[in-house]
Amino acid sequence: MAQKETLSSLTHGNFAKELSIADGKMPPNAVDFERLVIGTFLIDKKGLDHSVDLLTPEVFYDPRHKVIFATILKLYEGNQPVDIMTIIQDLKKEDKLLSAGGDHYIIDLTMGVSSSAHIEYHVRVILEKYILRSLINVSANVIDSSYKESTDVFELLDKAEQSFFEITNGTIKKGFDTANSLVKQAIDTIKSLKDKQGLSGVPSGFRDIDKETGGWQNSDLIIIAARPAMGKTAFLLSMARNIAVGHKIPMALFSLEMASVQLITRMIASETRISSEKLRKGTLDDEEWQRLFSNVSELENAPLFIDETPSLSIFDFRAKCRRLVMQHGVRLIMVDYLQLMTAGGGKGSGNREQEISMISRSLKAIAKELNVPVIALSQLSRSVETRPGKRPQLSDLRESGAIEQDADIVSFIFRPEYYKISVWDNDEEGQETSTENQAELIIAKHRNGATADVRLSFLKHFAKFGDIEAALDGGSGYPSNFGSNEPSGFDKIKTTIQPGAAFDLPDNSQLSGSSMNDFDDDDDFPF
């Protein structure tokens with residue numbers, strides 16, 4: 001027995017020497033806890049059930065433990081028994097027993113383990129040491145790259161922040177997923193939708209849109225495009241109100257054109273149903289003042305985060321989105337609008353079409369990395385104006401075909417009333433519906449569903465979109481099932497919705513126009 005212990009200690013000593021770094025410092029590790037956890041897994045299935053999903057082979061410091069846990073994981077996922085004999089037999093079959101320390105070492109791991117009473121604490125210690133080692137590796141790579149003359153500083157910043165984000169989310173060196181695990185995950189998702197009325201994503205708050213999309217899906221890039229004066233920003237703000245105020249879902253809005261306080265003023269107009277002109281001039285009667293103060297409390301406390309940085313680079317955008325997701329649980333990101341973003345970085349981005357292509361690809365990559373929907377507004381070319389019916393189509397997307405290619409959903413906002421078209425041209429035969437106070441969201445591309453035309457109400461005096469049936473019934477334009485039990489109280493960053501601050505309205509001279517949303521003199525609000 002003494003000889004066995006000496007052999008074990010020598011093996012561990014050689015292992016420690018091999019993994020010590022150049023300056024003599026030992027990387028953070030908890031090998032004793034690793035032995036305890038592996039030993040527990042071999043004798044107590046309850047401990048394995050509680051903790052196996054928290055670990056991967058990479059988190060173990062001792063290479064022998066990596067091999068043993070990989071085998072434990074394989075047997076567990078295959079619904080096979082996990083114990084000393086099954087592990088040793090499988091390692092022998094795979095010719096990995098020697099790299100796992102031998103059968104005597106595996107038996108030794110179970111000595112001194114009585115139960116899995118504190119297994120979660122032991123696992124947490126192992127994970128903490130793994131995170132520390134990961135931080136050391138990332139920092140060392142950043143330091144090494146910083147000394148190289150050829151390094152692009154912006155790319156290095158982006159890669160460094162991405163690495164730290166991956167550490168936080170436990171996805172460093174994430175491997176492939178098996179069909180078995182993916183099928184189980186998909187079935188669990190389908191089961192969870194049973195009581196959600198078909199909503200698998202973030203609800204837009206518009207009933208008919210959610211019926212077509214199932215909500216905005218995680219990792220999707222959604223493009224909403226239109227000509228000036230169609231109501232792009234108004235639609236975005238109406239949807240932001242539905243999501244942040246109605247459903248209390250944390251979301252971020254990046255406004256590259258309008259100031260934050262202008263956006264909030266427009267949301268106040270929609271929320272209070274007070275004319276935007278009156279809000280700009282401050283000419284409210286007593287009843288409207290009362291309505292203003294009483295109707296914006298929900299907006300003040302909404303988990304809405306607004307950033308008004310002009311000419312935002314895709315690198316800065318990615319960094320800010322990561323922080324919002326990590327620190328504030330943001331579940332949806334909006335951009336107003338795509339063509340005002342810059343590629344950033346120290347290298348030339350080529351012509352404008354190539355730059356827009358790079359921005360479009362980056363937005364899709366960010367949506368996938370953060371696993372949240374990204375909704376971006378986009379401009380359309382003037383070719384729409386030359387068409388008799390004025391209905392936009394995919395070829396009208398301005399400056400780059402990559403937008404159509406990268407997006408999961410491409411939709412257009414169309415208001416025939418703006419073009420003096422009094423009845424809808426796509427009504428069923430024999431019907432003529434007035435276009436007054438109505439708009440249409442044309443879903444022209446839907447990667448995971450069918451295309452559709454969804455009609456909405458539009459109150460231009462308040463820059464407010466709503467469900468068409470609610471508007472026809474004289475309702476508020478919002479569905480009756482608004483509100484959820486999700487907790488609010490998120491901290492606000494880069495937002496103008498501080499308690500009481502919503503009433504500090506700018507005077508008319510401070511409100512700049514929108515270069516994207518030019519409007520006619522007879523229109524009441526810049527959409």
Side-chain angles (χ1 to χ4, degrees), residues 202-206 209 216 222-226 228-277 279-280 292 295-296 298-308 330 332-338 340 373-379 411 413 415 437 439 441 456-467 471 476-479 482 492 494-497 501-502 505-506 511-517 519 523-527:
V202 178
S204 69
F206 300 113
I209 294 178
W216 305 125
I222 300 105
I223 297 296
I224 299 173
M230 288 296 104
K232 291 182 293 297
T233 303
F235 179 76
L236 205 67
L237 293 179
S238 294
M239 188 160 53
R241 184 269 171 209
N242 294 350
I243 295 168
V245 177
H247 289 281
K248 298 293 188 293
I249 295 174
M251 57 155 293
L253 198 164
F254 289 83
S255 176
L256 283 75
E257 184 177 43
M258 296 181 67
S260 298
V261 87
Q262 289 178 290
L263 292 176
I264 291 300
T265 304
R266 292 180 64 165
M267 293 185 78
I268 290 172
S270 173
E271 192 73 7
T272 61
R273 301 177 72 87
I274 298 173
S275 167
S276 56
E277 182 181 359
L279 288 176
R280 289 201 303 272
L292 175 65
N295 286 12
V296 296
E298 286 188 318
L299 183 59
E300 282 187 309
N301 297 307
L304 172 64
F305 305 88
I306 300 176
D307 187 293
E308 59 177 8
V330 161
L332 182 137
I333 296 165
M334 294 179 173
V335 181
D336 183 10
Y337 62 98
L338 186 151
L340 284 180
V374 173
I375 300 176
L377 297 186
S378 179
Q379 288 182 332
S411 57
I413 299 173
R415 288 199 303 121
N437 294 327
L441 186 77
L456 301 166
S457 69
F458 179 67
L459 304 178
K460 60 183 178 181
H461 297 284
F462 311 119
K464 177 178 180 180
F465 283 82
D467 286 325
S476 65
Y478 294 107
F482 257 65
K492 306 298 187 294
K494 197 71 176 175
T495 179
T496 57
I497 326 177
L505 301 177
L511 290 174
S512 60
S514 167
S515 61
M516 177 184 177
N517 301 318
F519 59 100
D523 279 330
D524 296 327
F525 208 88
F527 309 122

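Numbers here simply count residues along the sequence, with the first being 1.
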Drop me the distance from Asp336's CG to Lys232's NZ, to the nearest 0.5 angstrom.
8.5 Å
Within-4.5 Å side-chain heavy-atom neighbours: Arg266 and Met258
yes
Taking every heavy atom of Pro303 against every heavy atom of Ala244, the minimum-distance pair comes out as CD-O, 3.3 Å
Do the non-hydrogen side-chain atoms of Asp307 and Phe254 ever get within less than 4.5 Å of each other?
yes
For Gly466, is there any backbone N or O sitting under 3.5 Å from a side-chain donor or acceptor partner on Ser238?
no
Considering all heavy atoms of both residues, which atom of Val335 and which atom of Leu236 are nearest to each other, and what is their separation?
O-CD2, 4.3 Å
Give, for atom OG of Ser378 and atom CD1 of Ile222, the distance between the pair rounded to the nearest 0.5 Å.
14.0 Å
Any side-chain heavy-atom pair of Leu237 and Leu263 under 4.5 Å
yes
Contact check, side chains of Met251 and Met334, non-hydrogen atoms, under 4.5 Å:
yes
Set of residues satisfying ring-ring contact (aromatic ring centres under 6.0 Å, His included) with respect to Phe235, sequence neighbours excluded
Phe206, Phe465
Evaluate the side-chain proximity of Ile375 to Met239: yes if any heavy-atom separation is below 4.5 Å, no if none is.
yes
Would you indicate whether the side-chain heavy atoms of Ile268 and Leu299 approach each other to under 4.5 Å?
yes
To the nearest 0.5 Å, atom CE of Met267 lies from atom CG of Leu253 at 8.0 Å
Mind listing the closest non-hydrogen atom pair of Ser204 and Asn242 along with its distance?
O-ND2, 3.1 Å
So Ile243 and Val202, do their side chains get closer than 4.5 Å, heavy atoms only?
yes
Find the distance between CD1 (Ile224) and CG (Leu441) and round it off to the nearest 0.5 Å.
6.5 Å
Specify the closest pair of heavy atoms between Ala302 and Val245, including all atoms of both residues, with the distance to one decimal.
CB-CG2, 3.8 Å
Just so I know, are the side chains of Ile249 and Pro203 near enough to count as touching, which here means a heavy-atom distance under 4.5 Å?
yes
Atom CG of Leu332 and atom NE2 of His247: how far apart are they, to the nearest 0.5 Å?
12.0 Å
